[in-house]
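Take a look at the structure below.
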Amino acid sequence: MTGANGAGKTTLMLVLAGCAPSAGTVERPGAVGLGQIGGTAVILQHPESQILGSRVADDVVWGLPPGCSVDVARLLTDVGLDGLADRDTGGLSGGELQRLAVAAALARKPALLIADEVTSMVDQRGRDALVGLLSDLSRRRGLALVHITHYSEEARSADRSIALAGTQPTMNADMIETVRPPLPPAIGDTVAGTVLELRGVGHEYGSGTPWAKRALHGVDLEVREGDGVLIHGSNGSGKSTLAWIMAGLIRPTAGRCLLDGTPSFNQVGAVAVSFQAARLQLMRGTVNREVASAAGISLDDADEIRSILAAVGLPPELASRRVDQLSGGQMRRVVLSALLARSPRALILDEPLAGLDADGQRDLVRLLRTLRRGGLTVVVVSHDFSGLDELCPRSVHLHGGARERATETCGRRP
């Protein structure tokens with residue numbers, strides 16, 4: 001199932017999962033059996049909303065009836081989480097949480113599996129593995145799979161493809177083509193003034209406990225004024241942890257991260273962070289309340305709120321809109337507008353393209369390029385690379401929590 005953001009894909013998913021339509025009928029041979037063995041299983045776009053167990057193995061079997069036999073180790077291996085059965089779910093990356101949600105759904109041996117953008121937070125190798133696993137299950141077990149995606153290669157692997165057009169005349173169903181990871185760019189650009197300096201940065205979660213996990217070690221990096229840096233790597237490689245350290249949200253357990261020469265953890269808010277799930281970052285009911293609160297201005301200052309929204313390409317009439325009525329792209333822009341209103345020293349975006357259709361991705365990258373040309377320092381953490389070469393002329397590849405030396409050159413691509 002394909003279509004642009006706002007075309008109705010998730011609404012149709014909810015109807016398939018048992019929500020009553022306001023018009024028409026849905027015929028099925030029996031009950032929906034949502035979440036039951038042999039019934040319907042749903043994997044949501046944002047996996048953190050359906051992870052319930054404190055341990056990975058606990059989450060796979062959460063809610064299953066007593067006596068139900070599940071080969072947890074085999075399921076975790078199938079989805080790329082081999083050896084993580086005892087890991088605390090709170091320490092998993094976004095992509096690892098997505099894989100865990102897939103494993104928990106498959107543990108129910110569903111007759112119908114509905115997957116809403118299940119590869120959006122997963123690296124390319126993981127995408128290939130998950131799509132292959134789901135396709136294989138469909139062939140071997142007679143599992144009916146409804147897969148919602150923006151990726152052209154995933155749509156091509158389906159038996160049938162349904163494109164939703166939505167109700168807006170400007171809607172299009174352009175698909176996202178996979179782009180290879182960036183090659184080392186040629187040395188060329190120079191930018192003045194170091195904003196962030198990382199030397200020997202390492203981080204271990206749960207230090208001193210049996211659940212200790214090293215996420216980063218020995219990372220050296222400089223981010224300069226007006227820089228554009230892409231951080232990429234497989235799920236669990238430490239990308240988000242590095243982003244949080246740069247923003248001062250967590251303190252490294254080894255090395256130092258300096259913002260303008262001072263430890264970043266003493267300057268929380270000076271570096272703005274846009275998280276993977278934009279909705280989780282919106283704390284107020286309406287757009288104008290969100291912007292006013294984040295920018296530290298009065299809700300009555302309508303002109304300033306409109307000006308803040310206009311800076312990210314949002315129309316003034318959106319100010320009175322409820323945040324739950326926004327599309328995924330609009331949510332990201334509202335978050336971005338609120339962050340920029342604080343005039344941050346740098347902006348870090350964690351998986352900013354996840355869940356956006358091709359047109360939404362192009363619009364967001366175009367906006368970020370404009371902001372960077374205006375002097376904004378931008379760091380992007382992403383599995384999607386399409387269109388990012390001009391925005392981020394420097395790339396950093398993380399593997400196993402360390403920086404790969406092969407991609408440590410910088411400058412604009414030839």
Side-chain angles (χ1 to χ4, degrees), residues 1-3 5-72 74-76 78-79 81 89 92 94 96-122 130-131 133-150 154 158-162 164 277 279-280 324 328 355:
M1 192 186 304
T2 66
N5 291 125
K9 302 184 301 297
T10 299
T11 300
L12 182 53
M13 177 205 76
L14 295 173
V15 171
L16 293 175
C19 286
S22 57
T25 61
V26 178
E27 296 182 8
R28 60 181 95 236
V32 176
L34 188 61
Q36 298 180 10
I37 300 295
T40 300
V42 177
I43 309 170
L44 302 175
Q45 183 175 349
H46 300 298
E48 61 276 357
S49 63
Q50 64 185 117
I51 302 299
L52 299 171
S54 58
R55 286 190 321 143
V56 168
D58 295 335
D59 190 77
V60 173
V61 299
W62 185 281
L64 291 176
C68 183
S69 178
V70 177
D71 189 343
V72 174
R74 173 63 183 276
L75 275 176
L76 292 178
D78 286 344
V79 300
L81 295 178
T89 56
L92 298 180
E96 289 169 336
L97 288 173
Q98 192 75 78
R99 296 170 194 248
L100 178 55
V102 173
L106 295 177
R108 281 139 179 84
K109 301 181 175 68
L112 172 61
L113 177 63
I114 307 171
D116 188 5
E117 294 280 354
V118 297
T119 61
S120 62
M121 296 289 188
V122 181
L130 282 180
V131 172
L133 169 65
L134 295 176
S135 298
D136 186 55
L137 286 172
S138 180
R139 288 190 299 269
R140 289 191 294 109
R141 300 185 185 179
L143 168 72
L145 170 66
V146 176
H147 183 192
I148 300 172
T149 184
H150 289 302
E154 295 176 9
D159 297 316
R160 290 191 297 150
S161 180
I162 300 172
L164 298 185
R279 179 62 186 90
L280 299 180
D324 286 321

Distance, nearest 0.5 Å, that separates OG1 of T149 from CD of E117:
5.5 Å
If we only count heavy atoms from C-beta on, is the V42 to D116 side-chain gap below 4.5 Å?
no
Are more than 12 heavy atoms from other residues, nucleotides or ligands located less than 6.0 Å from atom CG of D324?
yes
With a 4.5 Å heavy-atom cut-off, do M13 and L44 have their side chains touching?
yes
Between CD1 on residue I148 and CD1 on residue I114, distance to nearest 0.5 Å
7.5 Å
Closest non-hydrogen contact found for V70 with A107 is CG1-CB, 4.0 Å
Return yes when atom CZ of R74 has more than 12 non-hydrogen atoms of other residues, nucleotides or ligands closer than 6.0 Å, and no otherwise.
no
Here the pair of heavy atoms bringing S161 nearest to T2 is OG-CG2, 4.2 Å
So how far is it from L92 CG to R99 CZ, rounded to the nearest 0.5 Å?
11.0 Å
Rounded to the nearest 0.5 Å, how far does SG of C19 lie from CG of L12?
11.0 Å
Could you tell me if the side chain of L113 sits less than 4.5 Å from the side chain of L106, heavy atoms only?
yes
Closest non-hydrogen atom pair between L143 and P110, with its separation
CD1-O, 2.9 Å
L81 side, atom CG; L97 side, atom CG - distance, nearest 0.5 Å:
9.0 Å
Quick check: do V146 and M1 have side-chain heavy atoms less than 4.5 Å from each other?
yes
So, for V26 and P21, which heavy atoms are closest and what is the spacing to 0.1 Å?
CG2-CG, 4.2 Å
Roughly how far, to the nearest 0.5 Å, is CD of E96 from CG of L76?
11.5 Å
Nearest heavy-atom approach of A115 to L145 is CB-CD1, 4.5 Å
So which atom in A104 and which in D59 form the shortest heavy-atom distance, rounded to 0.1 Å?
CB-O, 3.9 Å
Kindly say whether L164 contributes a backbone atom to a donor-acceptor pair with the side chain of K9 at under 3.5 angstrom?
no
State, with a plain yes or no, whether a side-chain heavy atom of V61 is found less than 4.5 Å away from one of C68.
no
Can you confirm whether Q98 sits close enough to I43 that some side-chain heavy atom of one is under 4.5 Å from a side-chain heavy atom of the other?
yes
